Amino acid sequence: YDIMLSFRNKNVILSIALGSMLASAAHGENAKLTQSNTNHLETTEKSKVRGASKTPETRRKLGKGKSKCNLVPFDLPDVSELGGEVHQYDPDKKKSKKLTDNGLGKDSINKYAWSSALDDHDDLYVGTFNANFNLLGVRAFEENLEGPESFLNIWSGSPLMYSEGGAIYKQKKKGNFKQVLKASNNHVGFRKGINHMGKMYFGSSNSETGAKIFTNQYSEDSDEFKILNDSFTLHPNDVSIRAMCTSSHSGHLYIGTENVYDGPAIISYDGDSSWERWDDEGIDFGFAVAECTELSVGKMLFGTWNGGGYNLVVYDEVHESFSELDLPDHLDHNTNGVMELRVWNGYLYVGLLSYEDGFALIRTDTETISWEIITEDGFYQEQIDQIGLPKAKNPYPWSSAVVNGKYYIGTFAGVLNRGVGMGGNPLDLFDSRAQLWSSTDGTEWMLEEHDAFGEEFTYGFRTMQATSKGDLYIGTASHLFLPDISRPPYTDYFGEGLSGDLNKDICEIIDRIEEFGI
């Protein structure tokens, strides 16, 4: 709870307390993780399971001993059926067709369809985030906490996330997907994908040895991916590839990294063997260069995460110089960073995340910087006007595309469902659902989908691709903090004793947490 309270302005952290809240419900008081006199847990490498021990002395058969747990059962989802999915959305009919089930590759801990890109034939590639929330790793997470920014390591490998390695999938005919790459465990997922000069590039997240870019550029076989030789341009503390975009002027691929230790970088790659890295240009890049786009021919724009703010950084390819765009001075918004950059119909649109307020969407003419505020609260009033209540907090716009003259934004709805009151099934509060918004002019926005296509615990439309035929491929994000206890690390620690039913097994988990001070 100390962790939660210390960073209570970041609502996403509240979800980490899910296990503690279940424990509280079981015992009727605040359940705290206390140190055990005997430490049965071994220190493991970052890529291995934290808090998981297979030693016989830490095992006991289910049902043996007297449990203090009196959890009242309530309806729970079958977490093994949840996962990041792909939908094909028809903008004209406003209907979606689900292309995957039980997570990409039918793997429930492929929690996010985290990135995507279309090749020159409109074949869809999707990169996953593979993670199972590890209640057994709470203590290790607390001990390794180095400041607010280190929360970001949840998404690049941390004690709170057990991973079997991210994967890249390619859509085959009839909508089926095949796995074309399975990464090692330390590459927990692929956060960004792009088609650059006809070849596919996917950037990983890896807090152990550093992020890498995987590509099929080395092979005529489009299904063969290898790690791109970056000539040591990527540093070990670059834990995640957050941004990738292409310049129409130079043909270079631009890359933005996340680095909470040494500061992030902007990187340029010519598609062959030439690399250049900038990480100290007299401009504060914060701890992540999170988004990028081409502002105009020869000018690349980058959006940063600075914790309590952001910067918009311009690189002029002709003059080989960096500068900053003036930021709006009339925006009343607790901004944490940039999540959306798009140039459309003569305007630059910038989406800003805020866990406290909901996202802001602002725009300016690309020639004369004069900012206009479209929303400062995640379309709060628009939700009231169109569906009667603000169901989603919408901390940030998570994906976007333009189709047939319409600008689409998919949201991260937030960890908690604003439309649910207290009482009843407590997990209803965690069933927040992503929204899909559209606009023909950039200022008036219509809510096309507010229920994540009916998929429970689907709190984000994470990635979006527009096909040449006018369809949208939308990749979803399933609630990261609902663990599948039928999978590791739980099976590693508890053996075969767990049934996979959280209602039946939560008491065993709670007892173990208290018994061993995990």
Side-chain angles (χ1 to χ4, degrees), residues 6-13 145-156 158 191-192 203 205 207 211 234-235 237-245 254-267 277-293 295 299-315 321-342 348-364 369 371 373 375-378 393-398 412:
S6 297
F7 300 95
R8 58 188 179 275
N9 63 315
K10 293 182 172 62
N11 285 341
V12 68
I13 303 307
L145 201 62
E146 298 178 4
E149 291 81 8
S150 61
F151 278 115
L152 293 173
N153 281 341
I154 293 174
W155 290 271
S156 54
S158 83
R191 202 166 192 169
K192 196 69 178 180
S205 284
S207 63
L234 287 166
H235 293 176
N237 283 339
D238 293 326
V239 298
S240 189
I241 305 296
R242 293 292 302 270
M244 289 197 285
C245 57
Y254 284 88
I255 300 154
T257 74
E258 177 181 300
N259 186 328
V260 301
Y261 307 104
D262 310 321
I266 295 171
I267 295 170
R277 178 186 176 100
W278 301 279
D279 48 21
D280 185 9
E281 303 303 313
I283 296 174
D284 184 6
F285 289 171
F287 49 83
V289 177
E291 298 291 332
C292 70
T293 191
L295 181 62
K299 290 187 177 181
M300 306 304 296
L301 178 66
F302 303 88
T304 70
W305 280 26
N306 295 50
Y310 67 103
N311 278 322
L312 296 173
V313 181
V314 179
Y315 178 64
S321 62
F322 283 89
S323 61
E324 296 178 77
L325 287 187
D326 291 333
L327 304 179
D329 56 10
H330 57 297
L331 182 65
D332 183 18
H333 192 252
N334 292 290
T335 299
N336 304 106
V338 176
M339 285 296 291
E340 162 76 354
L341 291 176
R342 181 169 294 276
L348 166 66
Y349 291 81
V350 179
L352 302 170
L353 76 95
S354 174
Y355 295 114
E356 184 173 347
D357 298 332
F359 74 81
L361 184 65
I362 59 177
R363 75 173 188 176
T364 180
I369 304 302
W371 293 101
I373 298 172
T375 182
E376 296 179 89
D377 52 20
K393 180 79 170 183
N394 288 336
Y396 42 86
W398 218 359
F412 166 57

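Just so we're clear, the structure is a prediction, and the values are computed from it rather than from any experiment. The basis for the numbers below is simple: all heavy atoms, side chains too, and nothing from hydrogens, waters or symmetry mates.
Counted by atom type alone, Thr304 and Asn306 present one or more donor-acceptor pairs between their side chains at under 3.5 Å. Between the side chains of Asp284 and Asn311, no donor-acceptor pair is found at a separation under 3.5 Å. When only modelled atom types and interatomic distance are considered, Arg363 and Tyr349 share a side-chain donor-acceptor pair under 3.5 Å.
Taking CH2 from Trp371 and CG from Asp326, the interatomic distance works out to 9.5 Å, rounded to the nearest 0.5 Å. From His333, atom NE2 reaches atom OH of Tyr310 across 9.5 Å, with rounding to the nearest 0.5 Å. Rounding to the nearest 0.5 angstrom, the gap separating the CG atom in Leu325 from the CG atom in Leu348 is 7.0 Å. Atom CD of Glu281 is separated from atom OG of Ser323 by 11.5 Å, given to the nearest 0.5 angstrom. The distance from atom OG1 of Thr335 to atom CG of Asp332, rounded to the nearest 0.5 Å, is 9.5 Å. Between the NZ atom of Lys299 and the OG1 atom of Thr293 there is a distance of 14.5 Å, given to the nearest 0.5 Å.
The six-membered or imidazole ring of Trp278 lies near that of Tyr315, with a centre-to-centre distance under 6.0 Å.
Between Ile283 and Glu324 the shortest side-chain heavy-atom distance falls below 4.5 Å. At least one side-chain heavy atom of Leu312 sits less than 4.5 Å from a side-chain heavy atom of Leu341. Between Phe359 and Leu352 the shortest side-chain heavy-atom distance does not fall below 4.5 Å. Within the 4.5 Å cutoff, side-chain heavy atoms of Ile241 are placed close to those of Leu234. Arg242 has its side chain within reach of Arg191: a pair of non-hydrogen atoms, C-beta onward, lies under 4.5 Å apart.
Residues Gly203 and Met244 share a closest heavy-atom pair of N-CE, 3.7 Å. The two residues Val314 and Leu301 have their closest heavy-atom pair at CG2-CD1, 3.8 Å. Nearest heavy atoms, Val239 versus Ser207: CG1-CA, 3.8 Å. Looking at every heavy atom in both residues, Ala288 comes nearest to Pro264 through N-CG, 3.6 Å. Nearest heavy atoms, Phe322 versus Val313: CD2-CG1, 3.6 Å. Here the shortest heavy-atom pairing between Phe412 and Pro395 reads O-CD, 3.0 Å.
When atom types are taken as modelled, the side chain of Trp305 and the backbone of Phe285 share no donor-acceptor pair closer than 3.5 angstrom. When atom types are taken as modelled, the side chain of Asp357 and the backbone of Asn334 share a donor-acceptor pair closer than 3.5 angstrom. Put simply, the side chain of Glu291 never gets that close to the backbone of Phe302: no donor and acceptor are under 3.5 Å apart.
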Test side chain to side chain contact (heavy atoms under 4.5 Å, CB included) on Leu361 and Val350; report intermediate values, then the result. CA-CA 6 Å; Leu361 184 65; Val350 179; over 6 Å; no
Decide yes or no on side chain to side chain contact (heavy atoms under 4.5 Å, CB included) for Asp377 and Thr375, but give the supporting numbers first. CA-CA 6 Å; Asp377 52 20; Thr375 182; 3.0 Å; yes
Just do the side chain to side chain contact (heavy atoms under 4.5 Å, CB included) check on Ile266 and Ile255 with the steps written out, would you? CA-CA 6 Å; Ile266 295 171; Ile255 300 154; over 6 Å; no
Let's go through Leu295 and Met300 carefully: what are the C-alpha distance in whole Å and the side-chain angles of both, what is the deciding distance for side chain to side chain contact (heavy atoms under 4.5 Å, CB included) to 0.1 Å, and is it a yes or a no? CA-CA 6 Å; Leu295 181 62; Met300 306 304 296; over 6 Å; no
Could you walk me through whether Asn237 and Asp262 pass the side-chain hydrogen bond (donor to acceptor under 3.5 Å, both in side chains) test, one step at a time? CA-CA 7 Å; Asn237 283 339; Asp262 310 321; 2.9 Å; yes
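The pair Asp238-Arg277 meets the salt-bridge criterion, with a side-chain N (NZ, NE, NH1 or NH2) lying under 4.0 Å from an Asp/Glu carboxylate O.
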